[in-house]
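Nothing here was measured: the structure is a model prediction, and the numbers come from that model.
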Amino acid sequence: MDFLNPVINGFAVVLEPTNLLYCLIGVVIGMLIGVLPGLGPAATIAILLPLTYNVEPVTAIIMLAGIFYGAQYGGTITSVLLRLPGEASSVVTVFDGYQMAKQGRAGTALGLASIGSFVGGTAAIIGLTFLAPIVASFALDFGPPEYTALAMLGILLVATISSGSKAKALIAAALGLLLATVGRDIFTGESRFTFGSLQLADGIDFVPIAMGIFGLGEILYNLEERHRAAKAPSKVTNVWPSRKDLKQASGAIGRGSVLGFFLGILPGGGATIASMASYAMEKKRAKQPERFGKGAPEGVAGPETANNAAATSSFIPLLTLGIPANATMALMFGALLIQGVTPGPQLVEQNPDLFWGVVNSMYIGNILLLIMSLPLVGIFVKILRVRAAILAPVTALITLLGAYTINNSMFDVTLVVVFGIIGYLMKKFGFEPGPLVLAFVLGELLESSMRRSLLVFGGDPTGFLGRPISATLLVVFVLVAVLPGIRSLLAKRKATTASAGSANNGTTHNVKEKV
């Protein structure tokens, strides 16, 4: 009963009219953003951060969380109808979803995606409800050495697991750590990298970086990389899948729920990786893998279930350990700090209304999304036709106005523009912005925890190895750092051996011909 009381109180929090309204606003904005290719939940949350300043913390986080998991629903609509993934996690849905639409089964594809998304999201919320308090109670044993090792591991995992060049991801993470050191030294008070600027004396605020890199940077990049126009198929009919389709997709939905839940928890994981892993798993398990890419229901249901489950479970490391699992969670971390709430093991005990209010709002949000996802298809397709030349300037203006209203400072606006240009250049040259933002968010935690640990250990770094949890995390850190290098060396050695073997075979063959 002690466990159930805060959970029940959490429902009382989310059922307050204001919180219900903001939950609805969040999921509607999330669906809309999911439909619009390119913008994404991270950019939207970054743009809306200033609007949360005058809102109660639990209300603000309920809305921002709704945007995140709502975007997973919205991205499906354009993937199926227009062959345009509105969200990165919906890329694989294009393969079979659009083929189903061409066969006149767009309604079935959207119905399966909605059911799978609801089941995956709900299953992950149930897992979050039971697992998060256990993780939080375990994490109460964490001290500065454990947080140092955990922050290092989180940054490394995001940098090495993320798609694209690993070297570029590590460079982006290093830049994020460098930006985190700007301002006064937290121990000595000495100025670092301020170049005599009083505005930089207190460091760079998280909001201008997030709004610049994810907001303005995405807008600039998407203006250059405009999506081609696409014609929507005929009317969406027969939304409820047939018994045969449900039977085919039921296994994929179950497996996607479990796979997405666990991949969402991992630092560097998230909805995109979960959806791709689910698609690969379903294709590998299928008795007729050739059906995939030609309209297989499992190819829609599995990934859509997995990405929603992962989007929900990624809140576990954020709320219980204070470690964002991906770039969007880094923005959520920043939003909590702005509200004066520190995510971590103490959150469940010290602020149960916020913790359980946010968790339980996801039950309500998923029900709202299931109800709205199909009736609003026609409206979202019309919104998609708004020209980028109109949409981009309006969004950029909102971003800059939001940046100014934080402190009524033109310096913040200048920072947003500077980081917007940096974000655009990063995207253009293949640098992922996620590791930079995550490293910036974790930079202060890493520095303060490491220096406190060294003070405790008398400057002896081997003290980290004397504590079981920090030692284990550091061993995992070393393995993650070293394994890719070992794998590439083994691959090169294997390739060299194979080429040498083929050369020897060629020489032997020539000798035999001469004989």
Side-chain angles (χ1 to χ4, degrees), residues 34 69 71-81 83-124 126-127 161 163 238-266 268-314 326 366 369-370 373:
Y69 58 81
Q72 313 307 321
Y73 273 77
T76 311
I77 296 170
T78 47
S79 292
V80 172
L81 297 183
R83 206 180 181 181
L84 290 176
E87 180 54 27
S89 59
S90 297
V91 169
V92 294
T93 310
V94 169
F95 303 153
D96 288 279
Y98 185 68
Q99 291 300 320
M100 290 179 74
K102 285 176 69 176
Q103 296 164 14
R105 304 176 66 208
T108 302
L110 290 172
L112 285 172
S114 294
I115 293 168
S117 296
F118 176 76
V119 172
T122 304
I126 294 169
I161 295 175
S163 58
N238 300 324
V239 170
W240 189 255
S242 66
R243 187 173 295 179
K244 181 185 175 183
D245 290 323
L246 284 172
K247 187 177 179 181
Q248 277 185 303
S250 59
I253 290 173
R255 288 184 291 272
S257 299
V258 176
L259 181 68
F261 178 79
F262 286 105
L263 286 178
I265 295 172
L266 295 175
T272 305
I273 291 175
S275 62
M276 292 179 177
S278 174
Y279 189 85
M281 181 173 71
E282 292 307 317
K283 189 173 181 180
K284 193 172 182 179
R285 289 187 84 264
K287 293 179 181 177
Q288 297 175 304
E290 64 275 6
R291 291 188 305 110
F292 284 75
K294 298 178 183 177
E298 308 97 296
V300 175
E304 287 301 315
T305 304
N307 66 33
N308 277 270
T312 302
S313 66
S314 59
N326 50 58
N366 268 280
L369 286 166
L370 182 65
S373 58

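No donor-acceptor contact under 3.5 angstrom links the side chains of Asn307 and Ser275, judged on distance only.
The minimum heavy-atom distance linking Ser313 with Ile265 is given by the pair OG-N, 3.6 Å. Shown here for Ala277 and Leu263, the closest heavy-atom pair between the two residues is CB-CD1, 3.8 Å. Of all heavy-atom pairs between Ser114 and Leu370, the closest is O-CD1, 3.8 Å. Lys294 approaches Gln103 most closely through the heavy-atom pair O-NE2, 2.8 Å. When all heavy atoms are compared, the tightest approach of Pro303 to Ser278 is N-OG, 3.4 Å. Of all heavy-atom pairs between Leu112 and Pro297, the closest is CD1-CB, 3.6 Å.
The list of salt bridge (Lys or Arg N to Asp or Glu O under 4.0 Å) pairs with a residue in residues 277-290, not counting sequence neighbours, reads Arg255-Glu282. Screening residues 99-122 for ring-ring contact (aromatic ring centres under 6.0 Å, His included) gives no qualifying pairs among residues at least two apart or on separate chains.
Judged as a side-chain hydrogen bond (donor to acceptor under 3.5 Å, both in side chains), and not counting sequence neighbours, the contacts of Thr93 are Glu304. Legend: residues meeting side-chain contact (heavy atoms from CB on, under 4.5 Å) with Ala309, ordered by chain and number and at least two apart, are Ala124. Evaluation of the side-chain contact (heavy atoms from CB on, under 4.5 Å) rule for Ala123 yields Ser257 as partners, not counting sequence neighbours. Annotation: ring-ring contact (aromatic ring centres under 6.0 Å, His included) contacts of Tyr279 (sequence neighbours excluded): Phe95, Phe292.
How far CD1 of Ile253 is from CG of Leu246: 7.0 Å, rounded to the nearest 0.5 Å. Within the model, atoms CE of Met100 and CG of Leu110 stand 9.0 Å from one another, a figure rounded to the nearest 0.5 Å.
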